[in-house]
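Only this structure's heavy atoms are used, side chains among them; waters, hydrogens and symmetry mates stay out. Per chain, numbering begins at 1; letters A, B, ... match sequence-line order.
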Protein chains: 2
Amino acid sequence: MSQGSGKTPAKRPLTLRDVSEASGVSEMTVSRVLRNRGDVSEATRTKVLEAARELGYVPNKIAGALASSRVNLVAVIIPSMSNMVFPEVMTGINEVLEGTELQPVVGITNYKPEREEAVLYQMLSWRPSGVIIAGLEHTEAAKAMMGAAGIPIVEIMDTDGEAVDSAVGISHRRAGRKMAQAIIDAGYKRIGFLGTKMPLDHRARKRFEGFTEVLAKAKLEIADSEFYSGGSALKKGREMTEAILKRNEEEPLDFLYYSNDMIGAGGLMYCLDNGIDVPGDIGLAGFNGIEFLDGLPRKLATMDACRVEIGRAAAEIIAKRVEDEKAPTGEIITLEPSLDYGETLKRKKKPL
Amino acid sequence: MSQGSGKTPAKRPLTLRDVSEASGVSEMTVSRVLRNRGDVSEATRTKVLEAARELGYVPNKIAGALASSRVNLVAVIIPSMSNMVFPEVMTGINEVLEGTELQPVVGITNYKPEREEAVLYQMLSWRPSGVIIAGLEHTEAAKAMMGAAGIPIVEIMDTDGEAVDSAVGISHRRAGRKMAQAIIDAGYKRIGFLGTKMPLDHRARKRFEGFTEVLAKAKLEIADSEFYSGGSALKKGREMTEAILKRNEEEPLDFLYYSNDMIGAGGLMYCLDNGIDVPGDIGLAGFNGIEFLDGLPRKLATMDACRVEIGRAAAEIIAKRVEDEKAPTGEIITLEPSLDYGETLKRKKKPL
DNA sequence: AAAAGAGCCGTTAGCGATAACATAACCGCA
DNA sequence: TGCGGTTATGTTATCGCTAACGGCTCTTTT
């Protein structure tokens, strides 16, 4: 800890007027040069540019946005940034927005509806050009705000429900069903479920519902389940797996369905460490298709949630609507999650 | 894909005037109520609040910020969001800022200086109350902008160098030295280095410099090294480890130093899968101390980079400076990275 | 009872930019 | 020579909000 150099001149921030005076033209002309809009002679253009550079002028977008009522920001509201899935969605969003004038601004809700509402309010008060928000479940107030904002809204990740405007995602119910079907087809019977203790993770809930629905049709049900919250997901996966397996030694489970790949990976490592034959003795599957699984000793079965693609599609909807006022609203894009059998889920037993 | 409901009324956005008319008081009074500032009678307060709620009014911060020249945003400029380290820094920043009126806005540079410059320019044009930016290395133009912005600037992660204003971080050179010393003390001699192919990752470079410096003092040098870029770090860690070990079978390596925990974890899994005794035959160490290591079959040695703490401290500096104009500038906080021996690095051989 | 203060609310003048409309200079061509 | 048409620049009026100040009504004080 030490005292610094105190370089900052702390002078009044520069405005267009300063540049205009320095270059001997009107503010308007400076504005035109800086925005590359309207006709300006090459001579004044260079003169202005030079003056601006010399002074170190940085335009004030606040004033600009107020005057033009155009804000090139896109609000992106997501529950978390620390679980691999949303960073990938961001990647997709960025890919698309980099080709436009739009800039994403991220808000984190920590899966709390009231926090989401607050973040949304904050974001909307900056009058962004569009909103990308995770999930279809929001407080009434949040839905009302989005409905009244008069800007494109894209709800992402999930399409099982009613969207305020547009939506891009997968059907988590369908993802659950699909996985259940694959497990049943492979001949597994005693299935355990391991997930997070999060009543507000609607997507996990929907997957679970789809999953149990298909099991029920096959006259099966979840034999046992285990939930966690917080901590290292990998470690929790291990611990939960140990717990659930030990608890069912008398009538052993033959499949474990994890609500995300990270705990699935932990479970896989537990099984391998303890000489359990996967997928012989027991099959395993996760959800998400995170890249990280490639490095595991055995590839975990999973279902890809199309994260990057969702980000891209959502950003494209916003970009299109910003560019063309009359582009259609209420577009719903449902992506198809693809099942990856990996090396922990046996293929269909009898092809009939 | 389908047509939506078209709920959006697309009417002119609401302003203070609308609320003022609806509640029968002046705009100024509405503004006072909404900001909780100045004296307003309880009666009018509720009247205004009700009108605002009813209309669904959302204040326009653009106008507000312009009028008051106060913007409650803090620009956070970081290289990436997909590698576990910066999300944790964000956690620290958020923890502190949640207790204030300030809001973080994140910009991603992808480790490209010119991108960083562009992002910084964009951010500064919104006249934020402060800037938190990763690293001490920036383009000249970027440094000039920060120097002239007249707002608190905190450079984070690293303190080996000259800061524009304040800085919070660890000495990566020292981290490298410390790890080298521990490795030497444990008696390892033939040391391999595995890292990323990133000439612009200055912090990794500094760690490497510190590392080799201490080795040199002990008359040792890096026996071999291996670099990667892109892809699943876990998988790359495996592959690189296999490559470097095979290449040195004649005169085997006895230690591998990884530039991050993820590739280290991959290397660890490779060793375990192949029956290599860790840390007997070979010792391993990574860098960062990510939580995820807890779930590994054997705990990898690492060095904690104090990520959450860095975020907290940086945010605190900004918050303090925003609150009190005259708070000291140029504060430098150097945190001490702590070595975690885990189970892959033997303890000191002879305590002398 | 007059002065001083507190509480409540309105008026006016920007904040720093841009939209939209002049204006001026210059071109060519009838 | 004069008129339409560019091209290059300036002027004026906002954008929606807040700072600063002023004025009015009651209290409170001495």
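- Taking only side-chain nitrogens and oxygens, B:R37 never comes nearer than 4.0 Å to OP1 or OP2 of D:dA19.
- Counting only distance, with no hydrogens or angles, the side chain of B:S20 and the backbone of B:V25 share a donor-acceptor pair below 3.5 Å.
- In this structure, the side chain of A:S125 does not engage the main chain of B:V58 through any donor-acceptor pair within 3.5 Å.
- One interatomic measurement links the two molecules: CZ of B:R17 to C1' of C:dT11, which rounds to 13 Å at whole-angstrom precision.
- Using a 4.0 Å cut-off on heavy atoms, the residues of residues 23-36 of chain B that approach DNA chain D are B:M28, B:S31, B:R35, listed by number.
- Put simply, A:Y57 has no side-chain N or O that comes within less than 4.0 Å of OP1 or OP2 on C:dG16.
- A donor-acceptor pair is defined here as one N or O able to donate and one able to accept, closer than 3.5 Å; no such pair exists between the side chain of A:S166 and the backbone of A:V154.
- In this structure, A:L66 atom CG and D:dT18 atom C1' are separated by 12 Å, rounded to whole Å.
- Close to C:dG7, at under 4.0 Å from its OP1 or OP2, lies no side-chain N or O of B:S41.
- The stretch residues 118-127 of chain B has no heavy atom under 4.0 angstrom from DNA chain D at all.
- Taking 4.0 angstrom as the limit, B:R70 places a side-chain polar atom (N or O) nearer than this to OP1 or OP2 of D:dA19.
- Nearest nucleotide to the side chain of A:L16, out of D:dT9, C:dA17, D:dT18: C:dA17.
- A distance of 10.0 Å separates OG1 of A:T29 from CD of A:E27, quoted to the nearest 0.5 Å.
- Across the protein-nucleic acid pair, A:N72 atom CG and C:dA17 atom P stand 16 Å apart, rounded to whole Å.
- Residue contacts shown for B:S68 are limited to sugar-phosphate atoms, with no base heavy atom under 4.0 Å away.
- Between A:I132 and A:I77, the closest side-chain pair of non-hydrogen atoms is not below 4.5 Å.
- With values rounded to the nearest 0.5 angstrom, B:R35 atom CZ is found 7.5 Å from B:S68 atom OG.
- Here A:D39 lies in heavy-atom contact (under 4.0 Å) with a base.
- The CG-C1' distance, from A:N60 to C:dG14, rounds to 14 Å in whole Å.
- If you measure from atom CD of B:E21 to atom P of D:dC17, you get 13 Å, rounded to the nearest angstrom.
- If you measure from atom CD1 of B:I62 to atom C1' of D:dT18, you get 15 Å, rounded to the nearest angstrom.
- A:T46 contributes a side-chain N or O that, together with a main-chain N or O of A:A43, makes up a donor-acceptor pair within less than 3.5 Å.
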Going through the checks in order, is the salt bridge (Lys or Arg N to Asp or Glu O under 4.0 Å) test met by A:E323 and A:K320? CA-CA 5 Å; A:E323 197 183 320; A:K320 207 192 316 163; over 6 Å; no
Item to complete: Kindly determine whether B:K47 and B:E50 satisfy salt bridge (Lys or Arg N to Asp or Glu O under 4.0 Å), including the steps that lead there.
Response: CA-CA 5 Å; B:K47 199 169 51 180; B:E50 189 137 328; over 6 Å; no
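- In this structure, B:T44 reaches the C:dC9 phosphate: one of its side-chain N or O atoms is under 4.0 Å from OP1 or OP2.
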